[in-house]
Amino acid sequence: MADPIRIVVTGGAGFIGSHVVDALIERGNVVGIVDSLVTGNRENLNPRAEFFEVDICDAEALAGVLASFKPQVVDHHAAQISVALSSRDPAADALTNVVGSLQVLEASRAAGVEHLVFASTGGALYGDPEVVPADEATPIAPLSPYGAAKASVETYLRMYHDTYGFSYTALRYANVFGPRQTPEGEAGVVAIFTNRMLKGETPVIFGDGDQQRDFVYVGDVAQANVEAIERRLQGAYNVGTGVASSVNEVTRELTNACGFEGIVEYAEERPGEVRRVTLDAAKLTRETGWQWQVGLAEGLALTVGHQKARANRPG
Ligand SMILES: NC(=O)c1ccc[n+]([C@@H]2O[C@H](COP(=O)([O-])OP(=O)(O)OC[C@H]3O[C@@H](n4cnc5c(N)ncnc54)[C@H](O)[C@@H]3O)[C@@H](O)[C@H]2O)c1
């Protein structure tokens, strides 16, 4: 096994970040977590990681963590993840997702960090692409302030690379789903519907349910982070399955997995919603051998199983 790497994961108490932490520790690395716990959960914290309860917008505290922990790599997942909130209050979204990310970049540069991984988005960056699955050359055309903020950080990263020789990977995720996801965020439909169906409540589909998404399992996303860090991948990489699934299909699969017997309601489509996007991850596969392993039905069964176990836990 390779030498252990010292890695700080921001957002490591959240859904995706905590799975990334688990995968990195499993590989024998030494991991620190920076998280303000604004949406993250202490229960997600890997006990073998060192935890720093710090807001990424607090430049001084962040610099202190990096100076003491001395990471070689920063894996940046902390973010405001609600697309709807970003539309209501773009400035608040930008404070965390643009300014906070810049604090992470600056603190990393000052601390001599060798490589940074950024949790970007394919789902929100490409808008409604003409060609699907969309590859990394697809024009950037976000339909929400959340997507615009992610695009902006990618621009800064390219500039840091060209001007300072800063090494980075921007991982452009499809709709990530799996255990520990909270009912907000880009792929919230799985978390929200699982939650509602297990409680016997009516799930509501916005629009006709035929909108198509690329659902990628969180364990596969964590593995993409491992590849990005170990190989110091440079630039933007899609992380998705290329498989289109409609919200109606996901609802049917979840109905089976949850044993739900109620009805599903339909409501008016929300503005700014992407109609159809799937991602082509051939570049990541070609350069690292990464392949997604867990398909939609299997992943949904794992998610429902986890949610049931959580609901049945005493206390
Ligand atoms: N879920 C998806 O489908 C998806 C798709 C594309 C990209 N992403 C990106 O992946 C990353 C993780 O998303 P997630 O779905 O796991 O969300 P999450 O809300 O579960 O995780 C975000 C974590 O960041 C922390 N955080 C938020 N603001 C912070 C701040 N100012 N300082 C310190 N910590 C802060 C939260 O407490 C939380 O633990 C985000 O950058 C998100 O934009 C997610």
Side-chain angles (χ1 to χ4, degrees), residues 8-22 32-46 49 51-59 61-62 65 74-83 85-86 92-104 107 116-126 142 144-154 170-192 213-222 224-225 228 236-241 250 274 277 279 299 303:
V8 160
V9 179
T10 73
F15 161 50
I16 303 172
S18 64
H19 286 275
V20 171
V21 169
D22 293 351
I33 295 171
V34 167
D35 200 300
S36 65
L37 298 178
V38 60
T39 55
N41 191 331
R42 274 185 196 280
E43 275 184 32
N44 295 341
L45 290 171
N46 188 310
F51 175 52
F52 303 92
E53 190 171 340
V54 161
D55 192 309
I56 56 164
C57 296
D58 183 343
L62 191 60
V65 171
V74 168
D75 192 318
H76 177 36
H77 275 74
Q80 184 301 110
I81 62 152
S82 164
V83 175
L85 191 142
S86 84
D93 175 77
L95 268 183
T96 304
N97 290 1
V98 180
V99 179
S101 293
L102 273 176
Q103 303 289 19
V104 173
L116 185 136
V117 177
F118 174 56
S120 189
T121 167
L125 213 61
Y126 300 132
S144 65
Y146 169 85
K150 291 282 183 189
S152 158
V153 175
E154 283 207 26
L171 293 177
R172 295 177 178 169
Y173 301 154
N175 283 60
V176 188
F177 76 103
R180 303 182 195 156
Q181 187 170 27
T182 48
E184 281 103 31
E186 289 185 57
V189 60
V190 172
I192 295 167
R213 297 283 180 275
D214 181 337
F215 289 91
V216 62
Y217 188 67
V218 68
D220 291 329
V221 170
N225 278 262
Y237 289 79
N238 285 343
V239 184
T241 66
V250 171
V274 174
V277 65
L279 302 186
T303 308

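Both backbone and side-chain heavy atoms feed into the values below; hydrogens, waters and symmetry mates do not. In each ligand, atom 1 is the first atom listed, and ligand 1 is the first ligand listed. The first residue in the sequence is number 1, and the count goes up from there.
At least one heavy atom of A13 sits under 4.0 Å from some atom of ligand 1. Heavy atoms of N44 come nearer than 4.0 angstrom to ligand 1 in no pair at all. In this structure, G122 falls outside the shell of residues with a heavy atom less than 4.0 angstrom from ligand 1. Contact annotation: S120 has at least one heavy atom less than 4.0 Å from an atom of ligand 1. Within the structure, the closest approach of Q80 to ligand 1 does not fall below 4.0 Å when heavy atoms are considered. Contact analysis puts K150 in contact with ligand 1, with a non-hydrogen atom separation below 4.0 angstrom. By the 4.0 Å heavy-atom criterion, I81 is counted among the residues contacting ligand 1.
Near G14, meaning under 4.0 Å from one of its heavy atoms, ligand 1 places the atoms 20 (O), 21 (O), 38 (C), 39 (O). Near V54, with a cut-off below 4.0 Å to any heavy atom, the atoms of ligand 1 are 32 (N), 33 (C). Listed by atom number, the atoms of ligand 1 under 4.0 Å from Y146 heavy atoms are 7 (C), 8 (N), 9 (C), 42 (C), 43 (O). Every atom of ligand 1 is numbered from 1 in the order shown, and the set under 4.0 Å from a heavy atom of T96 is 28 (N), 31 (N). The ligand atoms of ligand 1 that sit less than 4.0 angstrom from a heavy atom of G40 are 36 (C), 37 (O), 38 (C), 39 (O). Each of the atoms 3 (O), 5 (C) of ligand 1 lies under 4.0 Å from some heavy atom of A174. Short contacts between ligand 1 and V176, defined as distances under 4.0 Å to a heavy atom of the residue, involve ligand atoms 2 (C), 3 (O).
At a heavy-atom cutoff of 4.0 Å, ligand 1 is contacted by the backbone of L37 but not by its side chain.
Compare T121, D35, I16 by their heavy atoms: the one nearest to atom 4 (C) of ligand 1 is in I16. The heavy atom nearest to atom 33 (C) of ligand 1, out of those in G123, G12, G178, S36, is found in S36.
Considering backbone and side-chain atoms together, D55 places an N or O closer than 3.5 Å to an N or O of ligand 1. The shortest N or O to N or O distance between C57 and ligand 1 is not under 3.5 Å.
Between D75 and the choices V117, V8, L116, the side-chain contact (heavy atoms from CB on, under 4.5 Å) rule is met once, by V117.
For Q80, the side-chain contact (heavy atoms from CB on, under 4.5 Å) partners at least two apart in sequence or on another chain are S82, L85, S86, D93, T96, N97. When the side-chain contact (heavy atoms from CB on, under 4.5 Å) test is applied to V221, the partners found at least two apart in sequence or on another chain are I16, Y173, V176, V216, N225, V239.
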